[in-house]
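Below, all heavy atoms of this structure are taken into account, side chains as well, without hydrogens, waters or symmetry copies. We count ligands from 1, going down the list as the structure has it; atoms in each ligand are counted the same way.
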Amino acid sequence: MSDRSPTSPRTHSIETALTHTGRNPDNQFGFVNTPVYRGSTVLFKTLSDLEAQSQPYLYGRAGNPTTESVEAVVSELEGAYRTRLVPSGLAAITIALMSCVQAGDDVLITDSAYEPGRKFADGFLERMGVSVRFYDPRIGAGLSDLMQPNTRAVLAESPGSLTFEIQDIPALAAAAHAGGARLIVDNSWASPLYHRPIALGADIVVHAATKMFVGHSDAFAGTISTTEEAWEDVERIRALLGFFTSGDEAFQVARGLRTLALRMKEHQHRALDVASWLETQDEVEKVLHPALPSHPDHALWQRDFSGAGSLFSFILKPAPRAAVAAFVDHMQVFSMGYSWGGYESLCLPVTITKARTAVPWSEPGNLFRVHVGFEGIEDLKADLADALDRYRRAR
Ligand SMILES: *Cc1c(COP(=O)(O)O)cnc(C)c1O
């Protein structure tokens, strides 16, 4: 599996961008890393400086050298015109959507979208007079049939973060653009190392930087990267709403990014190992991992991705709730919790039914989502084997 994106050439390798971009040791006494800038007030020397408003920084809420160090790396990786660091992955989604719409407009959201993003659309955009519709994640070019004259944004997330459908980004982009809408893609799973939506036609790419970029479960951040055409709208909405990320959080993201390539390689390899092993186990009905040949979107994944993330799901044979408890309650190496992307492995039982409206979820059995971290691989499998054994006995 190559780490080069199949889509467009870069001036440097990803590894070099990750280690060199966004640092300027000459400006900071030779120290390797951009330090944490903390500050609201930025000083002006003269009235004419104040009136000219041409200093690189005017007020801390618009960013500082620490936040910009992260934005530079992500822009280079995503092949974007510019990037903004925002306080969370959810904020990246909400700002991106708001940048596209006004009252009377319409948005289309993949049925597989991260659930708080769905709730924002239903609970906030609807209140602001924007209609919200959900579409089948596998709709591809069929999106054209759903486009209305007032559709201004299409939100995709590939793969879906619980159910792992791969979306046809070039087809969605073509349909969205033909109808005058922008395509927003949540690229948190693959990271720009393994998938580059802008090169495939997306206008805006968002990341839950909290996950893979930070990589250690100890900070919140999101990023929004855009084409030149979409930039002004995104930056205007961010500024109007007052979203800002502190230098402290930005430093955690910058620090995580330096090792992203190594971590992604390791996560990819381990997650696939565990996923393939799970496929051979009796209690397992299905493993939902796009890099497995058994996955229904495997060919699309091969076409548009150059690697896979840490996260996948599996479905166990139907069993009562007590069996799910037996599975997760006594795990020794995996832990149960939200989020993912850290060094530690997580296993989360998930219920899909309420989160689907366009294509009701009909898979029988119990769904679990795992993030495979850096523990010993044999310990992880042994933990799952014991859990499967408890599940079988409780079923
Ligand atoms: C976690 C997550 C988000 C939201 O990120 P936060 O930083 O937790 O707000 C968005 N998209 C995906 C795919 C996620 O997994």
Please tabulate, one line per pair, the protein N or O atoms found under 3.5 Å from any N or O atom of ligand 1, giving the distance to one decimal.
unit_1: ligand 1; atom_1: 7 (O); unit_2: G89; atom_2: N; d: 2.8
unit_1: ligand 1; atom_1: 7 (O); unit_2: T210; atom_2: OG1; d: 2.5
unit_1: ligand 1; atom_1: 9 (O); unit_2: G89; atom_2: N; d: 3.2
unit_1: ligand 1; atom_1: 9 (O); unit_2: L90; atom_2: N; d: 2.8
unit_1: ligand 1; atom_1: 11 (N); unit_2: D186; atom_2: OD2; d: 2.7
unit_1: ligand 1; atom_1: 15 (O); unit_2: K211; atom_2: NZ; d: 2.8
unit_1: ligand 1; atom_1: 15 (O); unit_2: W340; atom_2: NE1; d: 2.8

With sequence neighbours left out, write down each residue that passes ring pair (Phe, Tyr, Trp, His ring centres under 6.0 Å) with F220, or none if nothing qualifies. none

Around atom CZ of F44, are there more than 12 heavy atoms from other residues, nucleotides or ligands closer than 6.0 Å? yes

Quick one: which residue pairs count as a side chain to side chain donor-acceptor pair (under 3.5 Å) with a foot in residues 376-395, not counting sequence neighbours? D273-K381, E283-R395, N366-Y391, D389-R392, D389-R393

Going by the angle between their ring planes, with limits at 30° and 60°, are W301 and H298 parallel, tilted or perpendicular? parallel

Under the side-chain contact (heavy atoms from CB on, under 4.5 Å) test, residues paired with I198 that sit two or more places apart: A80, V205, T227

Below 30° counts as parallel, above 60° as perpendicular, anything between as tilted: where do the rings of W189 and F305 land? perpendicular

